[in-house]
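The first residue of the sequence shown is numbered 1, and numbering continues consecutively from there. None of the values given here were measured: they were computed from a predicted structure.
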Amino acid sequence: MNAMFATKISMLQHVCVVPLARATRHRSFTVSASASTTVTPSRNLTVSSPTSSARAPHVDPRVLLGMSEHDLQQLAVEFGLQSYRGKQLHHLIYKRKEKEIQDFSHLPQAFRNDLIKAGWKIGRSPIYHTVTAADGTVKLLLKLEDNRLIETVGIPVEDEKGSMRLTACVSSQVGCPLRCSFCATGKGGYSRNLQRHEIIEQVLAIEDIFKHRVTNVVFMGMGEPMLNLKSVLDAHQCLNKDVQIGQRMITISTVGVPNTIKKLASHKLQSTLAVSLHAPNQKLREMIVPSAKSYPLDAIMKDCRDYFAETSRRVSFEYALLAGVNDSVEQARELAELLHEWGHGYHVNLIPFNPIEGSEYRRPNKKTVSAFAGALESRKITVSIRQTRGLDASAACGQLRNNFQKSPLIIESDREESQSDVAVAC
């Protein structure tokens with residue numbers, strides 16, 4: 001994953017596949033954005049070796065979710081209808097948030113039937129399981145078409161005036177290949193990248209649960225967004241243009257994949273880049289984040305400096321505090337020196353570690369966290385300490401999915417039935 005959602009949920013406010021066309025009478029219409037391309041990491045990047053089938057799942061281009069209003073108008077015309085039917089489609093998908101084509105009551109029955117016969121679908125997955133924490137945080141498992149499970153989390157925060165900010169923390173992969181040492185998702189293994197619509201639908205599912213508009217999106221769920229950058233950027237565009245979430249309300253998080261920060265900078269997004277740092281020096285970072293061996297700390301810092309120069313957007317650094325590992329005042333001073341060496345205006349988010357089963361790491365006490373933050377602030381580094389959310393509901397990344405799906409794919413139907421029994425007990 002982006003290396004840290006195991007703690008990230010406590011911090012919120014992060015294969016080239018060619019679509020196989022079906023033989024239909026509407027052969028001329030194609031959706032170019034539906035193909036998902038994986039950014040190829042450095043050859044030395046430490047990742048697992050998923051099977052070829054997991055690396056390159058079939059991508060069906062006939063998914064409505066993720067298409068722009070213009071694309072939907074073109075689709076309507078391809079079916080021999082006026083373009084305004086495409087506008088109606090857009091409204092039904094993104095405003096009414098319909099889940100089945102037959103529920104498109106504003107459209108002629110013949111058009112609905114033709115869409116279904118041609119293999120089109122909306123692209124919404126059922127909710128497999130839900131848990132709600134005492135603080136109102138809700139974690140969902142969505143069951144994808146291939147039976148894989150992904151997590152998404154909704155975090156509500158009410159301000160002094162009573163208005164609610166609702167953050168959706170979305171996944172970008174099924175599992176994660178980077179295997180950061182403290183991450184529950186990494187321990188669960190990696191299956192495949194998510195397609196564009198599988199990312200977008202997570203936001204709509206959170207809105208369905210809360211009956212409230214999502215105001216913020218963070219790509220801090222399962223997976224490393226930069227290893228699925230094409231789909232992440234396609235989903236980002238749809239969330240901004242079609243779901244109408246402002247770019248500055250979207251955060252893309254990464255543990256660092258060579259060459260991808262530069263590529264992201266070239267798009268000049270107004271969204272926030274959050275880099276999962278977790279250590280003030282290369283040696284310690286390699287111990288916590290194995291993939292750091294292929295992407296030296298100095299190279300990351302240079303890319304972050306260049307990112308700011310190109311986008312004028314401040315980079316945020318995530319720092320998971322692990323008791324006795326990276327949480328000393330001396331390490332805080334070292335971190336401050338590193339940041340000052342490479343620029344100015346950086347912001348550090350401190351995230352006290354969320355305990356996960358089987359981990360050797362512990363959560364530091366409040367005094368230690370406060371001392372670390374104070375050491376940074378005394379050196380003019382902007383710091384925030386993220387409030388823990390959803391801890392009582394196993395809302396740290398990978399915890400819920402690992403409880404229900406130890407392997408990336410549900411194979412046996414009787415296994416699924418037994419898991420449903422467990423869900424009731426929860």
Side-chain angles (χ1 to χ4, degrees), residues 17-36 57-128 140 142-147 150 152 168 170 194-214 217 230-231 233-245:
V17 182
V18 180
L20 302 179
R22 295 186 183 181
T24 73
R25 57 179 175 156
H26 308 291
R27 294 172 183 263
S28 61
F29 183 79
T30 59
V31 185
S32 60
S34 63
S36 173
H58 170 69
V59 177
D60 190 339
R62 285 171 168 74
V63 175
L64 298 172
L65 186 61
M67 294 176 66
S68 68
E69 185 173 302
H70 178 268
D71 289 337
L72 293 168
Q73 287 177 304
Q74 183 181 347
L75 176 63
V77 170
E78 291 292 332
F79 274 84
L81 301 173
Q82 292 180 303
S83 63
Y84 79 88
R85 293 298 187 187
K87 289 187 176 183
Q88 289 179 315
L89 274 174
H90 189 271
H91 178 81
L92 290 163
I93 295 167
Y94 297 110
K95 301 300 181 185
R96 293 177 60 92
K97 300 179 178 63
E98 299 289 2
K99 298 181 179 67
E100 300 292 340
I101 289 176
Q102 282 294 5
D103 294 332
F104 287 173
S105 57
H106 291 67
L107 297 179
Q109 184 66 54
F111 184 25
R112 285 180 266 169
N113 292 341
D114 284 346
L115 285 170
I116 294 170
K117 288 177 183 177
W120 285 91
K121 55 192 174 186
I122 295 178
R124 297 289 303 273
S125 301
I127 294 174
Y128 182 74
L140 309 178
L142 296 182
K143 184 178 178 182
L144 306 180
E145 193 171 29
D146 58 4
N147 288 334
I150 58 168
T152 187
V170 300
L194 293 182
Q195 300 173 45
R196 172 181 65 177
H197 72 277
E198 293 171 328
I199 297 173
I200 299 164
E201 69 168 321
Q202 297 174 58
V203 175
L204 302 187
I206 293 297
E207 292 189 338
D208 287 344
I209 289 292
F210 282 88
K211 308 301 180 188
H212 191 281
R213 181 177 176 273
V214 165
V217 175
K230 174 65 165 60
S231 290
L233 288 174
D234 286 346
H236 180 286
Q237 180 175 344
C238 178
L239 291 171
N240 177 227
K241 300 293 186 182
D242 303 296
V243 184
Q244 295 190 328
I245 297 171

My understanding is that only residues two or more places apart in sequence, or in another chain, count here; which of them pass side chain to side chain contact (heavy atoms under 4.5 Å, CB included) with [X]?
X: Pro108; answer: Arg85, Phe111
X: Asn240; answer: Gln247
X: Ile209; answer: Ile127, Val138, Leu140

Only counting residues at least two apart or in another chain, list the ones meeting side chain to side chain donor-acceptor pair (under 3.5 Å) with [X].
X: Gln237; result: none
X: Gln102; result: Gln109, Asn113
X: Ser68; result: Asp71
X: Lys95; result: Gln244

Salt bridge (Lys or Arg N to Asp or Glu O under 4.0 Å) partners of residues 200-214, not counting sequence neighbours, each pair once:
Lys97-Glu207, Lys99-Asp208, Arg124-Asp208
Tell me whether the count of non-hydrogen atoms from other residues, nucleotides or ligands lying under 6.0 Å of NE2 in His212 goes above 12.
yes
Compare all side-chain heavy atoms of [X] with those of [Y] and state whether any distance is below 4.5 angstrom.
X: Gln202; Y: Ile206; value: no
X: Asp114; Y: Trp120; value: no
X: Leu75; Y: Leu64; value: yes

Where at least one partner belongs to residues 80-103, residue pairs that pass ring pair (Phe, Tyr, Trp, His ring centres under 6.0 Å), sequence neighbours excluded:
His90-Tyr94
Step-by-step side chain to side chain contact (heavy atoms under 4.5 Å, CB included) determination, Lys87 to Gln82
CA-CA 10 Å; Lys87 289 187 176 183; Gln82 292 180 303; over 6 Å; no
Can you tell me how far CD of Gln195 sits from CD1 of Ile200, rounded to the nearest 0.5 angstrom?
11.0 Å
